[in-house]
Chemist: 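Pasting a structure below so you can have a look.
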Amino acid sequence: MKIAVYAGSFDPITNGHLDILKRAASLFDHVIVGVLNNNEKNGLFSPEERVDMINDATHDLENVRVMHFNGLLVDFCDKVGAKAIIRGLRAISDYEYEVRMFAANYHLNSKVETVFLMSQPKYSFLSSSVVKEIAYYGGNINDMVPPNVAEEVKKRVNKR
């Protein structure tokens, strides 16, 4: 069985993330969404809340499972038996960062391959940070995130 991990902070998951995930799910037998608590980012949602939202948004994808993890991505891959890491690329700026991450992961575990999937052009501007900023200022995020996520983001930013 070919297992891949699609890891990120997903705070929140966007339609761009979901597009990459669905495409990866068509390429691999099983895809595990690894929700990482990124200490460098100020999270809007807890890792557990993100797992719940992603589970809700991906309930129709039978070969996708969502898990929270801490630590090194390659160690998580070993733990779940994954031989590939899925990464999405939106622009050249993503590429520069992702090449560094690939090199570090390869150095740590050369048995785990990194697979890059290009973002569809309609999602090339989209990031969790953009969604949060637009939501903070009352902008419409309905076409940027799944409906369940839009509802939760709006609730959370209205509390702040």
Chemist: Do Val51 and Val145 land in one hydrophobic cluster if side-chain heavy atoms of ILVMFWY residues count as linked below 4.5 Å?
Modeler: yes
Chemist: For the residue pair Asn15 and Pro146, what are the closest heavy atoms and their distance?
Modeler: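 Asn15 and Pro146 have their closest heavy atoms at OD1-N, 3.2 Å.
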Chemist: Could you check whether any side-chain N or O of Asn158 sits under 3.5 Å from a backbone N or O of Lys154, counting only pairs where one atom can act as donor and the other as acceptor?
Modeler: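 Judged by distance alone, yes, a pair lies under 3.5 Å.
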Chemist: Nearest 0.5 Å, please: how far is OG in Ser9 from CG in Leu44?
Modeler: 11.0 Å
Chemist: Is it possible for you to say whether Met118 and Leu27 belong to one hydrophobic cluster, with membership spreading through side-chain heavy-atom contacts below 4.5 Å?
Modeler: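 No, Met118 does not connect to Leu27 through the hydrophobic network.
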Chemist: Of all heavy-atom pairs between Leu126 and Arg90, which one has the smallest distance, and what is that distance?
Modeler: O-NH1, 2.9 Å
Chemist: Taking all non-hydrogen atoms of both residues, which atom of Val5 and which atom of Ala82 are closest, and how far apart?
Modeler: CG2-CB, 3.6 Å
Chemist: Could you check if a side-chain atom of Thr58 sits within less than 4.5 angstrom of a side-chain atom of Val33, using non-hydrogen atoms only?
Modeler: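 No, every pair of side-chain atoms sits at 4.5 Å or beyond.
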Chemist: If I take atom CG from residue Leu18 and atom CG from residue Leu61, how far apart are they, to the nearest 0.5 angstrom?
Modeler: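 Answer for the CG-CG pair, Leu18 versus Leu61, is 8.0 Å.
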Chemist: Within this structure, what is the CD1-CZ distance for the pair Ile3 and Phe28, rounded to the nearest 0.5 Å?
Modeler: 10.5 Å
Chemist: Between Asn148 and Met53, is there a side-chain heavy-atom distance shorter than 4.5 Å?
Modeler: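 The answer is yes; the side chains approach within 4.5 Å.
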Chemist: Is it possible for you to say whether Ile141 and Phe125 belong to one hydrophobic cluster, with membership spreading through side-chain heavy-atom contacts below 4.5 Å?
Modeler: yes
Chemist: Between Asn109 and Asp78, do the side chains contain an N or O donor and an N or O acceptor separated by less than 3.5 Å?
Modeler: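 Note: Asn109 and Asp78 side chains meet the donor-acceptor criterion.
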Chemist: Does some side-chain heavy atom of Ser119 sit less than 4.5 Å from a side-chain heavy atom of Leu89?
Modeler: no
Chemist: Decide yes or no for Met144 and Thr14: does some side-chain heavy atom of the first lie under 4.5 Å from some side-chain heavy atom of the second?
Modeler: no
Chemist: Is the closest side-chain heavy-atom distance between Arg23 and Gln120 below 4.5 Å?
Modeler: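 Heavy-atom side-chain distance check passes, below 4.5 Å.
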Chemist: Should Ile92 and Tyr97 be regarded as members of a common hydrophobic cluster, given that ILVMFWY residues are connected when their side-chain heavy atoms come within less than 4.5 Å of each other, either directly or indirectly?
Modeler: no
Chemist: Do you reckon Phe102 sits in the same ILVMFWY cluster as Val74, going by side-chain contacts under 4.5 Å, direct or chained?
Modeler: no
Chemist: Check this for me: does any side-chain nitrogen of one of Asp75 and Lys79 sit under 4.0 Å from a carboxylate oxygen of the other?
Modeler: no
Chemist: Any side-chain to backbone donor/acceptor pair from Asn142 onto Pro147? Under 3.5 Å, distance only.
Modeler: no
Chemist: Please verify the inter-ring angle class for Tyr6 with Phe10; under 30° counts as parallel, over 60° as perpendicular, anything in between as tilted.
Modeler: perpendicular
Chemist: For the residue pair Ala4 and Ile86, what are the closest heavy atoms and their distance?
Modeler: CB-CG1, 3.8 Å
Chemist: For Phe116, does the CZ atom have more than 12 heavy-atom neighbours from other residues, nucleotides or ligands under 6.0 Å away?
Modeler: yes
Chemist: Please test Val112 against Tyr106 for side chain to side chain contact (heavy atoms under 4.5 Å, CB included), starting from the C-alpha separation and ending with a verdict.
Modeler: CA-CA 7 Å; Val112 178; Tyr106 188 83; over 6 Å; no
Chemist: Please report the interatomic distance OG(Ser110) to CG(Asn105), rounded to the nearest 0.5 Å.
Modeler: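 Taking OG in Ser110 and CG in Asn105, the distance rounds to 11.5 Å.
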Chemist: Is any side-chain heavy atom of Met67 less than 4.5 Å from a side-chain heavy atom of Phe76?
Modeler: yes
Chemist: Under the 3.5 angstrom rule, does the side chain of Arg87 hit a backbone N or O of Ala7 as a donor-acceptor pair?
Modeler: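 At least one qualifying donor-acceptor pair exists.
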Chemist: What closest approach, in Å, do Leu36 and Gly71 show between heavy atoms, and which atom pair accounts for it?
Modeler: CD1-O, 4.2 Å
Chemist: Within a reach of under 6.0 Å around CD of Glu48, are more than 12 heavy atoms found that belong to other residues, nucleotides or ligands?
Modeler: yes
Chemist: Taking the side chain as everything from C-beta on, heavy atoms only, tell me whether Arg50 gets closer than 4.5 Å to Asp11.
Modeler: yes
Chemist: Taking 4.0 angstrom as the limit, do Lys155 and Glu151 come out as a salt bridge?
Modeler: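 Judged by the 4.0 Å cut-off on N to carboxylate O distance, Lys155 and Glu151 do form a salt bridge.
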Chemist: If the threshold is 4.0 Å, N to carboxylate O, is there a salt bridge linking Lys122 and Asp19?
Modeler: no
Chemist: Do any N or O atoms from the side chain of Glu152 and from the backbone of Val149 form a donor-acceptor pair under 3.5 angstrom?
Modeler: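 Pair absent, no side-chain N/O of Glu152 close to backbone of Val149.
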Chemist: For the CD atom of Glu133 and the OG atom of Ser128, what is their distance to the nearest 0.5 Å?
Modeler: 13.0 Å
Chemist: Is the closest side-chain heavy-atom distance between Pro12 and Lys132 below 4.5 Å?
Modeler: yes
Chemist: How many angstroms lie between NZ in Lys83 and NZ in Lys111, if you round to the nearest 0.5 Å?
Modeler: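 Reported to 0.5 Å precision, the distance equals 7.0 Å.
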Chemist: Can you name the one residue among Leu21, Ile20, Val66 that meets side chain to side chain contact (heavy atoms under 4.5 Å, CB included) with Val31?
Modeler: Leu21
